[in-house]
Structure formats: C-alpha cells, structure tokens
Amino acid sequence: MKYNFKEIEKKWQDYWEKEKINEVKDLSCPKYYVLDMFPYPSGAGLHVGHLKGYVATDIVARLKRMQGFNVLHPIGWDAFGLPAENYAIKTGIHPEITTKKNIDNIRNQFKVTGLSYDWSREINTTDPNYYKWTQWIFIKIFEKGLAYKKLLPINWCPSCKTGLANEEVVDGKCERCGTETTKKEIEQWVLKITDYADKLLEGIDSLDWPEKIKEMQKNWIGKSQGWEINFKINNIDVPVFTTRADTLFGCTYLVLSPEHSIINYLDIENKEEVNEYIEKAKNKSDRERISEVKNKTGVELKGIKAINPVNQKQIPVFVADYVLGHYGTGAVMAVPAHDERDFDFAKKYNLEIIWVIDSEKDFAFTEDGTLFNSSEFNGLSSSEAREKIGKFVKGEKKVNYKLRDWVFSRQRYWGEPIPIIHCEKCGIVPDYNLPVKLPYIEKYEPTGTGESPLAAINDWVNVECPKCGGKAKRETNTMPQWAGSSWYYLRYLDPNNDKELVNKEKEKVFMPVDLYVGGAEHAVLHLLYSRFWHKFLFDSGYISTKEPFLKLRNVGLILANDGQKMSKSKGNVISPDEIIEQFGADTLRVYEMFMGPFEQAIVWNEQGVKGINKFLNRFWDFVVKNKDNKESSKELIAEVNRLNKKVSEDIEKMKFNTSVAFFMEFLNLVENEKVGSDVLKMFLLLMFPFAPHMCSELWEINGYGNILNEEWPKYDKELIKKDKIEIVIQVDGKVRDRLEMDVDSSEEKVKEVSQESERIKKWLQGKEVTRVLFIPNKLINFILKK
RNA sequence: GCCGAGGUGGCGGAAUUGGCAGACGCGUAUGCCUUAGAAGCAUAUAUCUUUUUGAUGUGAGGGUUCAACUCCCUCCCUCGGCACCA
C-alpha cells in the first residue's frame, strides 16, 4: 500500500468537516483558547510563511483536544483596509465582492492544509452584524468622554490620502505604502489612549509575552517621572518639565517649542525672524526633523529673559524645534553640561555651560553624581537633590508619557463608519441606530481634501438629528484598520449574539486567550490597541478579564530562497497550494515545523521539503509493514515512552523543530525492527497533531478504529528509566573513554571499572591521582598530579 | 546614540541550563540498483594529522572552574525595534 496523500487528505478533511470535530462541545471540561492573529484576505492568498503560525496553533489545538480540553480555535477575517479599496478604484469592482472572493480562496487554503478551525464561529470585520459592535464600542468610548474630535496637525500619507496614527508612521514613512508622511491639520476623531497609559504599563509585567514586545510597549508608552518647575518670563509663569531637577543650577537658557503659545504674547525685538523660524518648523516633515538631530537649529528671542527660580539668574530664551510642542509643557530648561541635546545646541550657538555634577568634560555628562556649583545643595547626591531642589523652587511632581492619543479617523471608504451625527443645534450626537451601514458607492477615489468619499453621498450624509429631529449630517470619516481587530477575539465566543457584543457567561468561561500567535510587527499597533479596548471594556463592566492575551508567541518569518521577505512585487512568493499539490499538506506542515526554531526567521528550502516527504513515506511504509504485529520488545516500548516524554514537553514549549527531530530519530531506531501495535499506536498518536491526515489513515488501516476517540498518550515514568548508561571517563578533564555501566553505580564501582580500562590505564600509568570527581550517571574525572 | 535578540560544520540547526560539542535534516562523496537518468537504498561527512593514537575547535581576547557553546569582564560583527520625549 502506497502513501497516497491526495486521496487521504481529502478524505479526512471531508470527514472532519462533516463530523464538526473542531467545534466546542463539552463545557464541563477545562477550556483552552488558542488564537491566531486573523488574516487580511489579500488577493494574493496566503504564502507558505503565513501558514507557519497557523500550523503551530493547529498542533497545539489538536494536542489540547486530545488532552481533554474544551478547545476554542476560531478564525475570521480582518477584511477592512486599503488594498481592497485601491483595487476598487482601479477596477470599479466593489470591495465587498473582491473581499468575498479572497476569503473563499484563503478559507480553502486553510482547509487543504488541514487546519482544525471551528468554522461555526467564523467572523468578518466587514459584516454589518460584526461592525455593529465595533461601532457600539466606539459609542461607549465616546460616552465615557474618551473620544473627542479636534483640529490637529496629524500625520498624513499623500499617497493613501488619509491621516495616520502615530503608530502607523515608521521612520517618517507610511507603514502601509512607504510614502513619506507630511503634516496636515484636519479635524480628527481621537481616542484618549493616554488615559490608559498607566494601566497599559502596569499589566505588561504579568504577561507571558516575548520580552522584546513587552519592552517595545513600555518604551512606546514611555513613562517618565520628574518635576514641573516654573520659570518666569516678564512675570508670567512658564512651566518646564524635567527629570533632572538636580541640575537646575546648571541651567543656562530656556527653550520653547515653536508651538508654544507664550511667544505670541511677548514683545520680541526680532519678532519677524522668530515667526519665520516657527513657520518653517511647522512645515517640516518627520524625516526632515529626524535628519536634523545632529544639527539643531533655533532662534534667540531678543529682548526676552527668563528667570531661573533656583538662583533668580537671568537667562536667554530660545525657540527651537528640538523641543516638542506636544510633550511635557512644550518648554525646556536647558542644562548643556548634563544633557546631550542642550550640549550640542549650546556648542553651536556658543552658550554658557555650567557644570554642576561630577567635573568638567568635553561631552555632556548625563549620569547621576554629586552636586557642586549648587550653593547650599553642594555635596548632595543627584537623587536627594532632585527632591530637595524640586521642593525648594516650589515645583510639582509630574509624570509624562511619550504615548499620544490615538488618531482614529480615516478619510477613506472601506472602513467602519463612525456612528456619529453632527447636528446644527445639538452638536455631536451618537447614532444609536446600529449598525450604521456603509453605503454602496460608485466612486471610491479619496478626495484628498481630508474628507472621505462618503461625503459625496448626499442622501446618506444628510439625516435628521436623532435628538431634535433637525437638520444634521453624518460623520463621513471611517475607522482605522485597527478598529475591528481590537476586540475580535471576544466575538468568537458568541458570534451570533445580536443583543450584546458577547454574553458575559461565555466571556467568563473562555477568556483570556491562553495562547496567541502572530507576527511581531503588531507590537505597538494591534497589541496595544486591543489591550486598550479590552481594559476599557473591563472598566465598563462588560467583561471580566483585565488582559486579553495571557501568552503570546511571535512566529518567525519564512524568507524566500533569496533571503528576502516574500512579496508579490519581488516575485519570490512560494504558494502553499503548489507544495500541497506536489507533496501533500502533512509534508508542508511537518516541514514548516522542522525548519528551525519557531520564533526565528528562516529561509525556505525546497530540498528540505523533499527530505520531510521522504521521512513521511518511510514512516508510512514502516507502520503498514508492522500492521499485524501484536507486541514489541520491552526496550522499544521504553523508547517510545521516552519519545512521548520529549515530544510532550517540547510541544508545550513550542519547540516543534526538535519534536520532529525526535520523530526522525525514533524512526531511524525502529525502522528495521519488528514493532507491535503497542509502539505503533503511541508513535501515531504523538505524530497526529503534526501530520493528522496520515496518522488518521494509518490508524484506520491498521484496524485501530478512529483516532479521534483517542487521548493523548501518557508515558510511563518507571518504564523510561534506563538500567544501563554510558559513563564518560575523563583524565584531567579530557574524555579518554566511555563505559557502559549500571544506572546509579557508585563512585567506588565506577572508579574500579574505569581503572581497569586499557585506555585509562595508559593515561594513569606512573602518574599520581590527586583528586577524583564523580557525577553520578554522567562522568568520572581523574585529576593527576602535575 | 539607546533598548532587545543573536554569532556553533558547506547550509538550517541540536546540546537535559556548567559535564561526551555538532542530535535531526539538507547538501556533498563513494557504492548498490538502473540500458541511462531520476527516485530509492547503504556507507562516510567539523578541521588538522599517514592510520590507530592524538591535537585543535562554538565571533575575538582575557578570567572563574577538575570541567565553559553555557558563568564573569573587555571588544568586534549581524539582525530587529526606538530615535531630539527634556
């Protein structure tokens, strides 16, 4: 009988679907929620890299089912977004149509890979029955005062013709299309994620997430504690924020950001020059600003002095765009001796530098130390001085964050409408008549003016005010791509509920997510946004958990043969369809797990795929050949139990590559032995999560029944103990021989036997042994006198 | 510049956390099979050494230890993230 993957894979996929084996059934068992980051249904379909994470979670889901857990393993579609809309602009085909087509394609890719999703819970963020609740959450956020509309200079992508959140600008470029972003001032919906800065920070440490992602979130939130201290300009208080109140005596000038409002009220001698500078600074792109890090610019406000509150000294005042308007107070006390930026600036404009910590250097000394040049505070340590000086100048303790509020509106068509109505009389009124459906339109082209294409649909835009019945207009901005994905994991628990976003009991049973797998690129986007919404929903009493995702693992990329990321534009994409056609889904699955450590990026290697296929063929032949044997030798039973232990432990640690290596090792060991059903059964069950089609078929062929009725096998702790073990014999720390000994042999015994070895004798002859080191069951080391 | 991860054969990578470095796979070589090729099977495969023996070897240098890929110090390189946040 030959391994005919085409036939058997279809057979078992149909069976699983018919029997609905992946649906949640028995609620009395402990639950296990294993979740994938749901895909964007792109027209290109999935490539082999996308599948790596999905295969891994599938293995875990199948393992957990066999271990008796009530496993929730759902999938859905994050289907709003620009590609479908851009495609519509080009072809005139509505995004809904292309999206549906793409979903059908990818769903099929999932099925032929043998992924065991619970298809009864499939969700789609573009389904009005889904985005109804996305809109509902927005209204709740609005009602709590955490959503507001504001005229803001925001990041603008000239190519996508939409505003972007801070998180979506990478290196001064649009995260999606790579175009350099500009600034644009338009009315924006903004969510107050900053109100949750502390909560988002607090929760991080308790999570079993990759250190890297936790660090990135912490840095992004960027909490810093310091003092707000008032300087006086013309008797007006100008507060500055500093983390280094201890260096106040070293402050030799004050810097205002170009946006600082006080500039308008001052009688500046060189007003024209200053205004010109401010105007120029406003129009700078992020990239321009970044490129000026090493060459700071600024203009002194002539005729203006500030007074340092610690010593009443008069100091010059500058406006410079190295000070940011949106952080702290938008004004900074400059201490060139102890801050690199101030140091650069002071050197360039020849400003005074006063050293107050440590001693004079030719660079800014930014560490803590002992104060001098600081009057009565001399001799204090930095940390003491911060407190004392801060209090002395009547400063206020203050915390600041780098995190900025989430710019939430997009000027595009293919997104959730923001459920808001602007009434001439009542102002901003939420539209509780949900869902606010996205209307069908003919022209998708973004206007570029800061309005979405929806603004042109008069009969959609013009409505009655739900409050007063008067003339009103709909909000025409849509939500960002991240809205639907900020809560989707909750909807899987109760996908058809039309009364609430999720039933509370169901939420209690299934949340939090036990294992979440996806790419690292969402560290400060989706993963931050969804924690924010989750915490909001928790605070509002809709859910019972503080954090959505307990354990997160990042899947490493699969790179193309050329070592590059796979992409359609580079033409280096490898499609799973071809691999499955040629070698079968089980080969693809096992290969992707064997490639290397799960979280690491690895280059695709066609030869490696063939190697796995060869292994599976051998495995097949081996199982079939031993079909009629009943019992195996004691030693082989012990070996398969050892395999069981190793594989069980490694899957739990997501070390799939070594699990597969152990399977191979085991097959190498037993391939030419006569093996009975006792060993075969355990081997098949262990391999089942990795190669489910093949193992189901072999189980049936060998007459064992239906593999789905089986539990994950337990290994026998007694059985796996060995009676003989190889002991390493060292002389002066170098391996000179290896001896087979009884397990737990005593030091005396090992010493005696090893001294009888001819090889060892040679090394010990005529030498004096000064020390003997013995590690039970491992090694003995004879140390010679020199 | 700062933060994080990492550096092991020709390649992807193992190594029970201080105890046999190179598991497993790919590739390569030789042989078998074949009219031939492919596939398959067998053997070998870190380097040096004529074989045994032995020596060297986990980015570089130093240290701790009977023993270091593993711990400590100094440095180099690669990848990822952040980047004027006062």
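Labels below follow one simple rule: chain letters A, B, ... track the order of the sequence lines, proteins then strands, and each chain is numbered from 1.
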Is there a side-chain polar atom (N or O) of Lys402(A) under 4.0 Å from OP1 or OP2 of C2(B)? no
Is RNA chain B part of any stem, that is, at least 3 consecutive Watson-Crick or G-U pairs with both distances under 3.5 Å, and where? B:1-7 with B:76-82, B:10-12 with B:24-26, B:27-32 with B:40-45, B:46-48 with B:54-56, B:59-63 with B:71-75
Between C84(B), A14(B), C20(B), which one does the side chain of Val728(A) approach most closely? C20(B)
Could you check which residues of residues 238-251 of chain A get a heavy atom under 4.0 Å from RNA chain B? Sort them by number, please. Phe241(A), Thr242(A), Thr243(A)
Of all pairs that satisfy side-chain hydrogen bond (donor to acceptor under 3.5 Å, both in side chains), the ones with a partner from residues 596-609 of chain A, not counting sequence neighbours: none
Detail all sub-3.5 Å separations between protein N/O atoms and N/O atoms belonging to nucleotides 66-70 of chain B.
| from | atom 1 | to | atom 2 | distance (Å) |
| --- | --- | --- | --- | --- |
| C66(B) | OP1 | Arg771(A) | NH1 | 3.1 |
| C66(B) | O2 | Asn781(A) | ND2 | 2.6 |

Say we look at G40(B) and C33(B): how far apart would their C1' atoms be, to the nearest angstrom? 8 Å
Which donor-acceptor pairs under 3.5 Å do side chains of residues 653-667 of chain A form with protein atoms, sequence neighbours excluded?
| from | atom 1 | to | atom 2 | distance (Å) |
| --- | --- | --- | --- | --- |
| Thr658(A) | OG1 | Asp650(A) | OD2 | 2.5 |
| Thr658(A) | OG1 | Lys655(A) | O | 3.1 |
| Ser659(A) | OG | Lys655(A) | O | 3.1 |

For G13(B), take OP1 and OP2 only and decide whether either is under 4.0 Å from a side-chain N or O of Thr658(A). no
Rounded distance in Å between the P positions of A67(B) and A55(B): 16 Å
Pick the C1' atom in C24(B) and in A5(B), then give their distance to the nearest Å. 25 Å
Pair Trp209(A)-Gln217(A), side-chain donor/acceptor within less than 3.5 Å: no
Please tabulate the protein-to-nucleotide N/O contacts below 3.5 Å involving nucleotides 28-34 of chain B, giving atom names and distances.
none

Can you tell which of C20(B), C24(B), A86(B) lies closest to the side chain of Glu665(A)? C24(B)
